[in-house]
Amino acid sequence: MADEIPVYDPAAVEQKWRTRWHERGTNSVDLAGPRPYYALMMFPYPSAEGLHVGNLFAFTGNDIFARFQRMQGHTVFEPLGYDAFGIHSENYALKMGVHPTELIPRNIANFRRQLERGGLMVDWRHSVDTTDPAYYKWTQWVFLQLLRRGLAYKKKAAVNWCPTDKTVLANEQVIAGACERCGTPVEQRTLEQWFFRISEYAPRLLENLSWIDWSETTKAAQRNWIGRSEGAEIVFLAPLGGDRPPDPNENAAVLDSAEIRVFTTRPDTIFGATYLVLAPEHPLVPAITTTGQRPAVSAYRARSTKQDLVTRRVSREKTGVFTGAYALNPASNTLIPIWIADYVLMEYGTGAIMAVPGHDERDFEFATAFGLPIVRVVAGDGEEAHSPLAVPFTDNENGRLVSSGEFDGLSVRDGSQRIVAKLAARGAATVVVNYRLYDWCISRQRYWGPPIPVVYCDLCGMVAVPEADLPVRLPYLENFKPDDSGVSPLARDESWYIAPCPECGKPARRETDVSDTFLDSAWYFLRYPSTDRDDVAFDPALTKTWLPVDSYIGGNEHAVLHLLYSRFITMVLHDAGMLDFEEPFQRFRAHGHIIRDGAKMSKTHGNVVNPDVYMDQWGADTLRAYLMFLGPYQEGGDFRDQSISGVRRFLDRVWSSVAQMRDDGEPQEEVTRKLQQTIRKVGEDIPRLSFNTAIAAMMEYVNVLRRGERTPQRAEVEPLVQLIAPFAPHVAEELWERMGHVASVFDSSWPAFDARLAAEDTMDLPVQVRGKTRGTVRVPRDIAQADAYAAAMATPAIAKFVTGEPTKIVFVPGRLLNIVL
RNA sequence: GCCGGGGUGGCGAAAUCGGUAGACGCACGAGACUUAAAAUCUUGUGGGGGAAACCCCAUGCGGGUUCGAUCCCCGCCCCCGGCACCA
């Protein structure tokens, strides 16, 4: 090192180390290495626009964490792949008039280039591409495992249909009655669809949330989605065949009657149930409807089943029709009318409710609209028991039962229990738990996805494609545009869909639907370690070593879709004896999102950041560190062009510290102490993903290091280079090499924290008078209270506030002294 | 409506088993270097008052607990995200 200080040239340094890492295999993981650590990040959809700065933000956080784990002595596996099937790609291909089989490889190549440029420690030998037959062969295999276990089934179902994308959508993909992709109002259509029985797993999917180490926001979203509610099913008997209101004096039990089961979370309010409501599609409706009401009821049913979901969900106006029938309220023993209305959903609970207008807003609205009786059966403390209700009373914390016979005076909770117990004794009620989670509709009438591996034979019926015959390859279709028919474009290619029946060999017909993209991504983490194996989906030994995933990082936009499906598929494979764990991700952290100028980045806002531009101008290391510095990783932040210079300045200062470094002296005590504190801080912050404060701590250290005219010593800068390495890997490698090291800095051990070197003998003890800080005194760290007090009183600036005798002295050793007067 | 997360300088943000509020960075001001500018270095910067030493106010709003509250409790307001005619 001569007098000339070499200039930090990011472009040259980064180019050099990309090549070097490749040549040396620095990022190639030894899957048999010690202390395996699987650091997974959500794989991207390779869009034509290229890598988004938001992707880079997400990946960089994971990369820092992974590199840190490696320097802690772990063998770290940090794979990345491409989620390239799906409507997004297909629509883009349609728009551009390019076939997806051409488009996707092009996009992937561009992504790969940008990702490598970002300096990620990814082992590309273990990548996946969901559109590769070598991958989707196993996606089809996963489907067959569910089929075999009775967890995949086909049924005619009212499904969400997007008229723009011309496809079925899962409930998860319908936001406020509209398609999450294009915003078009969703219609209801009845089609034959494939479903997975995820609802059967609802209790486990919910319960496990109590012990997995995930972001609270994500767990809350899943809990909301699964939607558990505790309550009771109560039986109401409805006498049949009468065209007149039954005589209450008549013995209802002797009449032929229908059992109407309702679900309620408020059995305590049963004395206030003044009518029943069935969903229009409820199967008992034809049986109970009286002759006189038949025309009105049929008209209403016809209308509401045709009605699309939007009208039904967005306009909350209450409509309904009286069936003419009555049911016996098993608690109050009175006859109450039975109505049908579309505010009661067939898909949830029993498709029937007991309406308690006094204590439920919806029932209140309905009762008001149709002039049905509103009875109060819960009253608040000190409230007149029979005070009329202008609005439904829903305070179930303080409420007490009234007008409820023997149950009067009980709390909501006790009342519920006692009433259910009493009804249960005569078989009229059962305690039940309901979930809002519906089965997962996985079929899509589109082109760009894995064909569902099933064949229909006139003789043998539905036959699963044998595993040995997988993959069922997606044929090349010139015209893959979807149409309104509700049938997949694959149904146009007879040469493809006519196939021999696997059982009898006679010509049969392939399933022409493809599966949902979310199935591709529900198991990809199992594939990464085993990409070398083409005979199994996942190698048992490798899976035992590497899974479950140690750390998973991704966006919260996948909190309910991808994460829930992945957990479900894992549980199924666990139950099938193929995995020895049932939760795929031990730890999950949701990262935040990068916005710019206070708005989400989008082409319409014109505020999209192309990472290439910033890597050209500042270097990848600077961009990485800046993204991590601009805000808390789990909250995201605002990308501001102006602020990036501060991070570059910091790296410049690290660079010149190394360039000027000397080997001929002792490290300075204050610098050493600060260094130790920084080692501790950075080592604590990285596992917490608190990257912004870790960078701030390193900046503080560099400020101390560069203070004054002195030349830094090796022992002062060498650990610094290791600390910055996860954040700025290229420049750290370069500096590490310039300091004389041959091996990669990532094969060095993270600097050890030495508490003795970090400790200081003296400190500035804050002194408060009456709780207000009035100054500090320089005292030994382990000073006793009396000495601290004496020191404070010896400081005029503090003593002058002590105007009388102290009544109390609060002393927290090492923290503060408070003199109370 | 229910469930999460959040509200701190001009800006991005630190600090929560209760203990000097505003670390670090941006921007801005002053100075050094320079013919000059850029870069770099030094230094200042929450608001108000004061010549100054200093004083007062301040973590969305209003109360409370405490020697001491950004942090805990009660009652509100606002922003972001999830769920939503789910009984």
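Order of the sequence lines sets the chain letters (A, B, ...), proteins ahead of strands, with each chain counted from 1.
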Between [N] and [M], how far is it from one [atom1] atom to the other, in whole Å?
| N | M | atom1 | value |
| --- | --- | --- | --- |
| B:G46 | B:A52 | P | 16 Å |
| B:U45 | B:G10 | C1' | 11 Å |
| B:C71 | B:A15 | C1' | 10 Å |
| B:C41 | B:G50 | C1' | 33 Å |
| B:U16 | B:A23 | P | 15 Å |
| B:G60 | B:G9 | P | 8 Å |
| B:C74 | B:U8 | P | 23 Å |
| B:C17 | B:C72 | C1' | 12 Å |

Side chain of [X] (C-beta onward), nearest among [options]:
| X | options | value |
| --- | --- | --- |
| A:Asn703 | B:C83, B:G25, B:A87 | B:G25 |
| A:Asp360 | B:A87, B:C55, B:C85 | B:A87 |
| A:Val810 | B:C3, B:C67, B:A23 | B:C67 |
| A:Ala220 | B:G4, B:C67, B:C24 | B:G4 |
| A:Ser645 | B:A27, B:G4, B:C24 | B:A27 |
| A:Leu816 | B:A23, B:G19, B:A87 | B:G19 |

Euclidean distance, atom [atom1] of residue [X] to atom [atom2] of [N] [Å, nearest integer]:
| X | N | atom1 | atom2 | value |
| --- | --- | --- | --- | --- |
| A:His359 | B:G1 | NE2 | P | 20 Å |
| A:Ile695 | B:C26 | CD1 | P | 13 Å |
| A:Glu317 | B:C85 | CD | P | 16 Å |
| A:Leu561 | B:G82 | CG | C1' | 12 Å |

Checklist entry - Which pairs pass salt bridge (Lys or Arg N to Asp or Glu O under 4.0 Å) with one or both residues in residues 805-821 of chain A, sequence neighbours excluded? => result none

Can you tell me if the side-chain N/O atoms of [X] get under 4.0 Å from OP1 or OP2 in [N]?
| X | N | answer |
| --- | --- | --- |
| A:Thr773 | B:A21 | yes |
| A:Asn556 | B:G4 | no |
| A:Arg266 | B:A87 | no |
| A:Lys772 | B:A21 | no |
| A:Arg649 | B:G25 | no |

Residues which pass side-chain contact (heavy atoms from CB on, under 4.5 Å) with [X], listed by chain and number, not counting sequence neighbours:
| X | result |
| --- | --- |
| A:Leu675 | A:Ile679, A:Tyr701, A:Pro719 |
| A:Pro373 | A:Thr274 |
| A:Asp764 | A:Thr776, A:Arg778 |

[Y] and [X] aromatic ring geometry - parallel, tilted or perpendicular at 30°/60° bounds:
| X | Y | answer |
| --- | --- | --- |
| A:Tyr565 | A:Trp440 | parallel |
| A:Phe691 | A:Phe727 | perpendicular |
| A:Tyr343 | A:Phe366 | tilted |

Have a look at [X] and say if it touches a base, only the backbone sugar-phosphate, or nothing, with a 4.0 Å heavy-atom cut-off.
| X | value |
| --- | --- |
| A:Asp652 | nothing |
| A:Ala696 | base |
| A:Phe801 | sugar-phosphate |
| A:Arg648 | nothing |
| A:Arg774 | sugar-phosphate |
| A:Ser229 | sugar-phosphate |
| A:Thr776 | base |

Checklist entry - Under the ring pair (Phe, Tyr, Trp, His ring centres under 6.0 Å) test, which residues partner A:Phe650, sequence neighbours left out? => result none

Item to check | For A:Tyr201, ring pair (Phe, Tyr, Trp, His ring centres under 6.0 Å) partners two or more places apart | outcome: A:Phe568

Next on the checklist: Let me spell it out: for each of A:Leu765 and A:Ala221, pick the nucleotide of RNA chain B with the closest heavy atom. Which residue's pick is nearer the 5' end?
Outcome noted: A:Leu765

Next on the checklist: By nearest heavy atom, map A:Ile353 and A:Thr218 onto RNA chain B; which one lands nearer the 5' end?
Outcome noted: A:Thr218

Checklist entry - Stem ranges for RNA chain B, with three or more consecutive Watson-Crick or G-U pairs under 3.5 Å? => result B:1-7 with B:77-83, B:10-12 with B:24-26, B:28-32 with B:40-44, B:46-49 with B:54-57, B:60-64 with B:72-76

Next on the checklist: Protein within reach of the bases, or only the backbone? For nucleotides 5-18 of chain B, mark each nucleotide 5' to 3' as B, S or -, using heavy atoms under 4.0 Å.
Outcome noted: ------SBSSS---

Item to check | A:Val420 versus A:Ala232, closest heavy-atom pair with distance | outcome: CG2-CB, 3.8 Å

Checklist entry - Under the 6.0 Å and 45° cation-pi test, does A:Arg567 pair with A:Trp214? => result yes

Item to check | Summary of side chain to side chain donor-acceptor pair (under 3.5 Å) pairs that have at least one residue in residues 623-632 of chain A, sequence neighbours excluded | outcome: A:Asp63-A:Arg624

Checklist entry - Side chain of A:Gln222, base of B:G82: donor and acceptor closer than 3.5 Å? => result no

Next on the checklist: Is it the case that the base of B:C67 and the side chain of A:Asn818 share a donor-acceptor contact (distance under 3.5 Å, atom types as modelled)?
Outcome noted: yes

Checklist entry - Taking O4'-C1'-N9-C4 for purines and O4'-C1'-N1-C2 for pyrimidines, is B:G63 syn (within 90° of 0) or anti? => result anti

